[in-house]
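Encoded as structure tokens, the structure appears first; notes follow it.
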Amino acid sequence: MPVHNAEIAGLFNRLADLLDIEGGNPFRIRAYRNAARTIASLAQNMAGLLESGKDLSELPGIGKAIAEKIQTIVETGRLPQLEEVESRTPAALSDLMKIEGLGPKRVKTLYRQLNIRSPEDLERAARSGKIRELEGFGRKTEELILQRVRRFQGEAPRMRLPDAEDIAEPLVAYLKKTPGIKVITVAGSFRRRRETVGDLDILVTARKGSPVMDRFIAYDEVAGVVSRGNTRSTVILHSGLHVDLRVVPQVSYGAALCYFTGSRTHNIALRKIGVSKGYRLNEYGLFRDEKRLAGKTEQEVYDKLGLAWIEPELRENRGEIELARKGRLPRLVSRADIRGDLHSHTSATDGRNSLGEMAEAARARGYQYLAITDHSRHVSVAHGLNSKQLLEEIKQIDKLNAKLDGIVILKSCEVDILDDGSLDLPDSVLRELDFTVCAVHYNFNFPENKQTERIIRAMDNPCFNILAHPTGRLINSREAYEVDLPAVMTAAKERGCFLEINAQPARLDLTDTYCKLARDLGLKAAISTDAHSIDQLDFMRFGIGQARRGWLRAGDVLNTRGLDELRTLLRRN
DNA sequence: GCCGTTTTCGGCCCGACTGTTTTCAGTCG
């Protein structure tokens with residue numbers, strides 16, 4: 001079993017943490033963290049890259065030394081340098097650094113002075129009042145540590161984007177009513193449309209003397225105030241979500257928006273470009289000495305740095321800055337490009353609405369086509385259809401199409417991929433469909449090679465068209481199954497099959513990095529909602545967000561095509 | 001340890017807030 005990128009990144013992060021606690025060279029430490037970030041964000045695993053002869057030192061933040069360490073990890077599963085450090089400094093201290101408010105210096109002091117090695121040790125020491133006696137610590141810090149160690153122990157995972165939307169909307173509406181407010185924007189990973197958000201970053205410009213901070217802190221949902229300043233405050237809501245509010249002057253709005261949209265690594269890269277030109281970039285603007293060169297709009301800031309404006313979804317420092325410099329950024333797919341939805345369910349299986357209602361709802365959204373993809377028989381929990389029932393549904397769709405104006409219902413089925421890679425319904429029935437959407441619903445625990453073979457074998461069937469929710473993951477509740485996705489993508493491309501970007505907020509499967517890999521391989525994707533009711537057709541925007549984060553252009557997406565072209569693309573040779 | 005529109009050495013992003021402080025270290029984003 002190859003070592004996962006996340007595991008390799010974890011080793012480097014731990015090495016960085018422990019060296020940080022020991023007071024090591026901060027630049028070397030940063031180099032390890034940068035490398036970890038690069039490794040974690042790659043879609044292809046390191047073992048595979050090494051096998052194919054790739055020179056890892058070509059990757060950003062990875063040089064000769066770290067490339068060699070990665071090779072060692074892939075070959076032996078171990079990082080000797082980390083083990084050496086761990087012989088001096090307990091590995092568990094790295095976990096303590098994850099507690100909010102504890103950085104390397106405090107962890108070091110707590111360990112050296114009180115022999116604290118775990119959250120449990122920490123809680124005990126805080127309760128008995130030992131921490132306040134340490135130099136540099138005090139009563140308040142001790143209280144804070146106690147609070148945060150408890151929160152850490154029952155830590156909430158990052159919140160899914162739609163849940164964050166539900167919280168952000170009323171808060172923004174509330175703040176908007178504050179006298180003197182001019183502009184209000186939710187920035188951060190929310191604006192970058194990440195699948196989950198850790199906190200909300202709200203940016204405001206307001207007239208002098210506007211009571212926006214007071215009003216923010218007085219919001220009904222606020223459970224606690226973490227910090228409060230004139231330009232920045234942080235609160236925790238009852239939902240557990242942290243919210244930052246930043247107030248900036250109008251002339252700084254663009255620079256601040258840039259700054260608070262991030263990502264962090266994107267910002268750092270921008271500031272480095274600034275420095276190389278003799279400028280200083282911060283949330284108030286781009287400056288040469290004390291003179292503000294730009295700041296009112298994002299466009300101004302990017303301009304002065306010699307870059308084209310970059311879409312928020314691309315700001316992850318994954319190569320977008322270099323393309324912006326060359327003026328060669330991709331024109332990302334948007335909602336206006338979408339002509340239809342290729343995955344939806346009706347009340348014939350586990351959907352809530354009838355065929356007619358789904359058709360009408362799709363037409364109301366301006367679509368040319370909607371595919372009905374009710375489950376196949378093996379998925380009994382969803383009342384999957386057998387051959388006879390599916391043929392009956394096909395007849396109903398034909399009848400409906402004869403009546404419908406302005407939209408075509410495509411006949412399809414979400415066909416279960418059985419354990420041996422065969423499809424759940426006979427080819428003779430599947431051939432009656434316009435196309436199929438095929439997926440794994442059982443036996444997620446197959447070893448990687450068996451799961452990969454299972455899916456590729458299914459693709460060998462000429463009735464196979466689109467692989468739905470390709471990894472089966474559910475955000476915050478179920479890990480992706482083990483599968484060699486690059487191999488699956490290559491196989492799909494060779495056979496004229498496609499992969500789905502499932503837009504259900506809990507799935508968003510493919511991830512952004514796999515979207516990018518598909519694009520790099522020249523494999524088109526379908527952005528599909530998997531709607532189980534008419535309102536879920538609006539999940540399309542989450543799928544589009546994911547696709548945009550994966551650099552997809554309209555041309556990379558199957559359902560941006562008109563019906564005729566779609567049919568041509570789906571035809572297998 | 002990485003990296004190069006000051007390129008193989010000498011740099012390495014920037015500011016706000018808090019708490020424990022008499023001028024600043026630590027942490028965070």
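So that the names make sense, note that chain A is the first sequence line, chain B the second, and so on, each numbered from 1.
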Distance check, P atoms only: B:dG11 and B:dT6, in whole angstrom units. 15 Å
Whole-angstrom distance between B:dT20 and B:dG26, as gauged at atom C1': 11 Å
Between P of B:dC14 and CG of A:N282, the distance in whole Å: 9 Å
Side chains of A:V333 and A:R548 in contact at under 4.5 Å (non-hydrogen atoms): yes
Evaluate the side-chain hydrogen bond (donor to acceptor under 3.5 Å, both in side chains) criterion for residues A:N34 and A:R37: first the C-alpha distance (whole Å), next the side-chain angles of each, then the deciding distance (0.1 Å), finally the verdict. CA-CA 5 Å; A:N34 287 341; A:R37 202 173 295 122; 3.2 Å; yes
A:L96 versus A:Y111: any side-chain heavy-atom pair under 4.5 Å? no
Separation of B:dG1 atom P from A:L79 atom CG, nearest Å, is 11 Å
Distance between the C1' atoms of B:dT8 and B:dC14, in whole angstroms? 28 Å
For A:L281, report the nucleic acid contact type (base, sugar-phosphate, nothing); a contact means any heavy atom under 4.0 Å. sugar-phosphate
Test item: side-chain donor near acceptor, A:R292 and A:S252, under 3.5 Å: yes
Quick check on DNA chain B: between A:R30 and A:L134, whose nearest nucleotide comes earlier from the 5' end? A:R30
From CD1 of A:I217 across to P of B:dC17 the rounded distance in Å is 11 Å
Identified salt bridge (charged side-chain N to carboxylate O under 4.0 Å, His left out) partner of A:R150 from the options A:E120, A:E143, A:E123: A:E123
Heavy atoms only, 4.0 Å cut-off, all strands: where does A:N34 land among base, sugar-phosphate and nothing? nothing
Find the distance A:L144:CG to B:dG19:P and express it as a whole number of Å. 7 Å
How many whole angstroms separate atom CZ of A:F287 from atom C1' of B:dG15? 12 Å
Is it true that A:R549 and A:E195 have a side-chain N and a carboxylate O under 4.0 angstrom from each other? no
The criterion is ring pair (Phe, Tyr, Trp, His ring centres under 6.0 Å); which residues satisfy it with A:F27, sequence neighbours excluded? none
Have A:R191 and A:T261 got a donor and an acceptor in their side chains that come within less than 3.5 Å? yes
Between P on B:dC12 and CZ on A:R33, what's the gap in Å once rounded to a whole number? 19 Å
Round to a whole Å and report the spacing from CD of A:E142 to P of B:dG19. 14 Å
Considering only B:dC12, B:dT18, B:dG1, which nucleotide approaches the side chain of A:Q81 most closely? B:dG1
Any strand, both distances under 3.5 Å, Watson-Crick or G-U wobble: B:dG11 pairs with B:dC2
If the C1' atom of B:dC12 is compared with that of B:dT7, how far apart are they to the nearest Å? 15 Å
Hey, is the side chain of A:T231 poking within less than 4.0 Å of OP1 or OP2 on B:dC17, counting only N and O atoms? yes
Is it the case that atom NZ in A:K54 sees more than 12 heavy atoms from other parts of the structure closer than 6.0 Å? yes
Check: protein-nucleotides 26-29 of chain B nitrogen or oxygen pairs below 3.5 Å:
from   : atom 1 : to     : atom 2 : distance (Å)
B:dT27 : OP1    : A:G103 : N      : 2.7
B:dT27 : OP1    : A:G103 : O      : 3.1
B:dT27 : OP1    : A:R106 : N      : 2.9
B:dT27 : OP2    : A:K105 : N      : 3.2
B:dT27 : O5'    : A:G103 : N      : 3.4
B:dC28 : OP1    : A:G101 : N      : 2.5
B:dG29 : N7     : A:R264 : NH1    : 2.9
B:dG29 : N2     : A:Y259 : OH     : 2.3

Take atom CG in A:N115; do more than 12 heavy atoms of anything else shown fall under 6.0 Å from it? yes
Could you tell me whether A:K69 contacts a base, only the sugar-phosphate backbone, or nothing, with contacts defined as non-hydrogen atoms closer than 4.0 Å? sugar-phosphate
Can you check whether A:E169 reaches A:V172 side chain to side chain, under 4.5 Å on heavy atoms? no
Taking atom P in both B:dT21 and B:dA16, compute the distance separating them and give it to the nearest angstrom. 24 Å
Under 3.5 Å, N/O pairs linking protein and nucleotides 2-5 of chain B:
from  : atom 1 : to    : atom 2 : distance (Å)
B:dC2 : OP1    : A:G63 : N      : 2.7
B:dC2 : OP1    : A:G63 : O      : 3.4
B:dC2 : OP1    : A:I66 : N      : 3.1
B:dC3 : OP1    : A:G61 : N      : 2.6

For A:V226, answer base if it contacts any base atom (sugar-phosphate contacts may also be present), sugar-phosphate if it contacts only those atoms, and nothing otherwise; contact means non-hydrogen atoms under 4.0 Å. nothing
If I take atom OH in residue A:Y32 and atom P in nucleotide B:dG1, what distance separates them, rounded to the nearest angstrom? 4 Å
Closest to side chain of A:K272, choosing from B:dG19, B:dG15, B:dC12: B:dC12
Strictly below 4.0 Å: does A:S227 bring a side-chain N or O up to OP1 or OP2 of B:dA16? no
